Amino acid sequence: MTIKKKTSLHFLSMPLFLASAPVLIWADDRPPFPEFVDAAQELGVTFVHDSGFDGKRYRVVETVTGGLALLDFDSDGWLDLYFTNGRKIEPGAQPPRNALFRGQGDGTFKEVGAAAKVDDPELSLGCAVADIDGDGDPDLYVTNWGPNRLYRNNGDGTFTDIAAAAGVALTSMDSGCVFFDMDGDGDLDLYVASYVIDEQREYPPCYVRGIPGYWPPRNYPAAPHHLLENQGNGRFAEVSALSGIRNVDPGRGLGTVSADLNGDGHPDLYVANDTTANYLFLGDGKGKFTETGLVSGTAYGEEGAEMGSMGIAAQDYDGDGRLDLCVTNYQNQLNNLFRATGRDFFEDNARLAGIAEGNLPEVAWGVGFVDLDNDGWRDLFIANGHLNPGAHEIDQRTSYPQRKRAFRNLGNGRFEEVSRSCGAAVETPRVSRGIAFGDLDNDGDLDAVVLNSGGKAEVLRNEGGKDNGWCFIRLIGAGLNRDAIGALVAVTAGGRTQWGVRHSAESYLSANDPRLHFGLGQARKIDQIEVRWPDGKREAWKDLPARRLITLTEGKRDFEASELPARKTAAGN
């Protein structure tokens with residue numbers, strides 16, 4: 001059922017970033033946290049990642065592949081899954097390929113990568129998803145050790161690689177990437193992080209206590225990052241030097257995210273660098289950036305040291321209207337929980353918030369601020385896995401496969417670890433990298449898909465959270481940024497407001513469900529949804545239904561509220 005309703009549309013006179021005191025909620029008042037079941041085999045998700053590791057040559061790039069994306073490439077209302085893959089470098093080796101699994105509408109998936117022409121044989125690291133040409137179909141950018149790909153969606157189930165023609169077929173060892181409108185001209189620009197310069201392409205192993213492993217990242221020069229401006233004619237131009245992002249020493253970049261992190265209305269960039277200082281580039285809305293990681297408190301760990309940073313989540317976890325950051329790090333390093341304390345400053349609340357206990361033996365990668373129990377507070381979920389197969393022989397406290405971590409948001413600025421109540425799929429050790437979150441079965445709660453290095457992918461189906469209310473929000477922006485990448489959304493229901501931002505990529509080299517998800521707790525309706533669109537326009541819609549997919553279009557007075565597509569009884573073709 002679809003409801004189309006006209007409502008009074010308001011241009012907000014108050015800033016959307018309006019702090020409110022968190023409502024105190026205690027764990028004893030809550031139902032059990034959801035359990036997750038690995039349904040990959042049942043659903044036909046057969047992807048197996050190949051890092052390229054052969055036990056003889058230890059290439060650092062093997063340790064940092066791979067990301068994944070959730071997208072609805074055929075616009076049928078069901079999420080599809082895209083996985084990046086590694087490969088061996090030997091001449092003549094038959095390369096594994098990236099894979100695209102189409103959601104068939106009956107709960108299962110079918111691999112269609114070759115038919116869709118996105119089965120890239122290069123050694124891939126990450127990806128981002130956005131409609132770059134405003135035609136209503138999501139396009140896909142893939143970072144490789146070699147030429148990157150820009151897959152334009154043809155709207156008929158296939159893609160065309162236009163990277164070379166568009167000027168974005170970079171050939172460095174690229175990693176995290178994000179689309180965002182850096183200069184407010186209505187089209188999407190592209191930031192691409194690069195990892196290291198590895199011209200030798202293979203190294204003998206580095207021995208620690210007689211155990212072979214990989215040379216530390218510091219043994220490789222850091223690679224310069226790239227900023228590419230959309231020219232509005234299908235081509236991009238490199239503006240890395242002119243924009244200011246090259247005014248800092250190169251960083252060994254991995255996870256990357258874009259959002260308005262200081263609330264001034266302009267998109268910023270945060271980059272997780274491996275053993276170099278993390279970047280916080282504040283944008284002026286005209287294509288110029290100033291790096292403020294050190295002064296903002298987000299460049300280093302709590303002891304002022306460079307971290308082995310991997311993934312990033314950027315959402316508001318404490319309900320004060322400011323975007324916070326969680327940055328995942330290497331073994332013996334705390335994951336950072338950078339809470340925004342003012343317009344330009346953050347404090348690391350990892351210990352105070354309760355997410356620092358027991359995670360030092362782990363190497364953390366994919367991460368999400370996601371409301372997994374639909375109670376209206378964003379929980380924290382982290383995927384872990386070491387990069388050295390002999391890790392346990394070097395340090396008995398750690399291991400190569402590692403369990404995931406789930407932290408329930410208590411609604412008072414603190415988290416409670418609930419991993420052990422989430423089931424075997426969370427507790428079973430894996431060598432995880434990217435993780436992406438979305439509602440795969442259209443039942444109103446968030447599931448997770450995990451790419452495991454050198455192993456089978458997992459589809460973690462959420463078995464709880466259905467008693468609470470929820471909504472998904474689909475945004476349609478004006479101009480070429482039809483996906484409204486960078487939009488900030490505030491949902492008021494049940495006496496409190498929560499915020500979410502529309503990303504093109506997040507977590508570790510990955511992209512989440514393009515529909516913004518909000519848990520609503522016991523609220524039966526939504527009092528108001530406010531949107532600050534990427535062009536700065538502010539609009540609000542009142543009196544909306546819960547448990548619906550709500551479509552909001554910039555500049556239109558009406559909204560559309562529809563049920564999520566129901567599962568078919570038989571697979572479509």
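Only a predicted model underlies this, so the values are computations on that prediction, with no experimental measurement involved. Worth knowing before you read on, the calculation uses all heavy atoms, side chains too, and leaves out hydrogens, waters and symmetry mates.
- Judged purely by atom type and a 3.5 angstrom limit, T328 uses its side chain to pair as donor or acceptor with the backbone of A364.
- Between T46 and F109 the shortest side-chain heavy-atom distance does not fall below 4.5 Å.
- Nearest approach of A272 to V327, heavy atoms of both residues: CB-CG1, 4.3 Å.
- Partners of Y300 by side-chain contact (heavy atoms from CB on, under 4.5 Å), not counting sequence neighbours, listed by chain and number: A277, L294, E306.
- With sequence neighbours excluded, the residues forming a side-chain contact (heavy atoms from CB on, under 4.5 Å) with D76 are D72, D74, W78, R102, listed by chain and number.
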Quick one, L261 with L325, criterion side-chain contact (heavy atoms from CB on, under 4.5 Å). Give me CA distance, side-chain angles, the key distance, then yes/no.
CA-CA 9 Å; L261 295 172; L325 298 165; 4.2 Å; yes
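- The heavy-atom pair separating G464 from D445 by the smallest distance is O-OD2, 2.6 Å.
- A donor-acceptor contact shorter than 3.5 Å links the side chain of N442 to the backbone of G77.
- F47 and F83 have parallel rings, their planes meeting at less than 30° on a 0 to 90° scale where 60° marks the start of perpendicular.
- Remark: of the listed residues H517, Q522, R547, H517 is the sole one forming a side-chain hydrogen bond (donor to acceptor under 3.5 Å, both in side chains) with N374.
- Closest of all the heavy-atom pairs between S124 and T84 is CB-CB, 3.7 Å.
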Taking it one step at a time, do Q528 and K542 satisfy side chain to side chain donor-acceptor pair (under 3.5 Å)?
CA-CA 4 Å; Q528 180 171 272; K542 293 180 178 294; 2.5 Å; yes
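- Taking the ring-ring contact (aromatic ring centres under 6.0 Å, His included) definition, one finds that Y270 meets it with nothing, sequence neighbours left out.
- The CG atom of L564 sits 9.0 Å away from the CZ atom of R548 when rounded to the nearest 0.5 Å.
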Would you check, one step at a time, whether the test side-chain contact (heavy atoms from CB on, under 4.5 Å) holds for L360 with L334?
CA-CA 6 Å; L360 293 185; L334 294 177; 3.6 Å; yes
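- Shortest non-hydrogen contact noted between L323 and D316 is CD2-N, 3.9 Å.
- Here the side chains of Y279 and T292 are not in contact, with every heavy-atom distance at 4.5 Å or above.
- In summary, of the residues considered (V370, L372, I355, N409), a side-chain contact (heavy atoms from CB on, under 4.5 Å) with L380 occurs for I355 alone.
- L254 is not listed as a side-chain neighbour of N273, based on a closest heavy-atom distance of 4.5 Å or more.
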Yes or no on side-chain contact (heavy atoms from CB on, under 4.5 Å) for I526 and I550, after CA distance, side-chain angles and deciding distance?
CA-CA 11 Å; I526 300 167; I550 297 170; 3.7 Å; yes
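- Formation of a donor-acceptor pair under 3.5 Å by the S507 side chain with backbone atoms of I435 is found in this model.
- Within the structure, salt bridge (Lys or Arg N to Asp or Glu O under 4.0 Å) contacts touching residues 510-522 (residues at least two apart or in different chains) are D513-R515.
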Salt bridge (charged side-chain N to carboxylate O under 4.0 Å, His left out) assessment of R209 paired with E393:
CA-CA 9 Å; R209 300 178 184 173; E393 299 179 77; over 6 Å; no
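- Of the candidates F415, F381, F407, Y317 forms a ring pair (Phe, Tyr, Trp, His ring centres under 6.0 Å) with just one, namely F415.
- For Q498 (side chain) and G519 (main-chain N/O), a donor-acceptor pair under 3.5 Å exists by modelled atom type.
- With sequence neighbours excluded, the residues that form a salt bridge (Lys or Arg N to Asp or Glu O under 4.0 Å) with D373 are R408.
- Counting only distance, with no hydrogens or angles, the side chain of R252 and the backbone of P217 share a donor-acceptor pair below 3.5 Å.
- Salt bridge present: R339 and D320 bring a charged side-chain N and a carboxylate O closer than 4.0 Å.
- Between the side chain of N85 and the backbone N or O of P96, no donor-acceptor pair lies under 3.5 Å.
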Evaluate the criterion side-chain contact (heavy atoms from CB on, under 4.5 Å) for residue pair L280 and F346; output intermediate values, then yes/no.
CA-CA 11 Å; L280 174 55; F346 294 77; 4.2 Å; yes
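- Between Y195 and V61, every side-chain heavy-atom pair lies at or beyond the 4.5 Å cut-off.
- A distance-only check finds no donor-acceptor pair linking the side chain of Y141 to the backbone of G126 [under 3.5 Å].
- Remark: R378 pairs with Q315, F369, F518 by the side-chain contact (heavy atoms from CB on, under 4.5 Å) rule, at least two apart or across chains.
- Salt bridge status for E458 with R430: present, with a side-chain N to carboxylate O gap under 4.0 Å.
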Enumerate donor-acceptor pairs with a distance under 3.5 Å from any side-chain N or O in residues 382-390 to protein atoms, sequence neighbours excluded.
{"unit_1": "N384", "atom_1": "ND2", "unit_2": "E362", "atom_2": "OE1", "d": "3.3"}
{"unit_1": "N384", "atom_1": "ND2", "unit_2": "R403", "atom_2": "O", "d": "2.9"}
{"unit_1": "H386", "atom_1": "ND1", "unit_2": "N388", "atom_2": "N", "d": "3.2"}
{"unit_1": "H386", "atom_1": "NE2", "unit_2": "Q331", "atom_2": "OE1", "d": "2.7"}
{"unit_1": "N388", "atom_1": "OD1", "unit_2": "G390", "atom_2": "N", "d": "3.1"}

Begin from the C-alpha positions of Y191 and F179 and carry the test ring-ring contact (aromatic ring centres under 6.0 Å, His included) through to its verdict.
CA-CA 7 Å; Y191 184 92; F179 289 103; over 10 Å; no
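- Between Q333 and G308, the shortest heavy-atom distance links the atoms OE1-N, 2.8 Å.
- By the side-chain hydrogen bond (donor to acceptor under 3.5 Å, both in side chains) test, N329 is found to be paired with S309, N336, residues two or more places apart in sequence or in another chain being considered.
- Between the side chain of S296 and the main chain of G293, a donor-acceptor pair closer than 3.5 Å is present.
- Every residue meeting the side-chain contact (heavy atoms from CB on, under 4.5 Å) condition with K525, not counting sequence neighbours, appears here in chain and number order: D527, D543.
- Every residue was checked against the salt bridge (Lys or Arg N to Asp or Glu O under 4.0 Å) condition with D38, not counting sequence neighbours, and none meets it.
- Considering all non-hydrogen atoms of both residues, A523 and G494 come closest at CB-N, 3.8 Å.
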Run the numbers on D344 and N262 for side chain to side chain donor-acceptor pair (under 3.5 Å), then give the verdict.
CA-CA 5 Å; D344 296 311; N262 64 349; 3.3 Å; yes
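- Judged by distance alone, with hydrogens and angles left aside, the side-chain atoms of N452 form a donor-acceptor pair with the main-chain N or O of K456 at under 3.5 Å.
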I would like to know whether T497 and T492 meet side chain to side chain donor-acceptor pair (under 3.5 Å); could you show each step before the answer?
CA-CA 4 Å; T497 300; T492 301; 2.7 Å; yes
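- For the salt bridge (Lys or Arg N to Asp or Glu O under 4.0 Å) test, residues two or more places apart in sequence or in another chain that qualify with R461 are E42, E463.
- Side-chain contact of H392 with T398: a donor-acceptor pair under 3.5 Å is absent, judged by distance alone.
- Under the salt bridge (Lys or Arg N to Asp or Glu O under 4.0 Å) criterion, R420 pairs with E427, sequence neighbours left out.
- For Y508 (side chain) and V64 (main-chain N/O), a donor-acceptor pair under 3.5 Å exists by modelled atom type.
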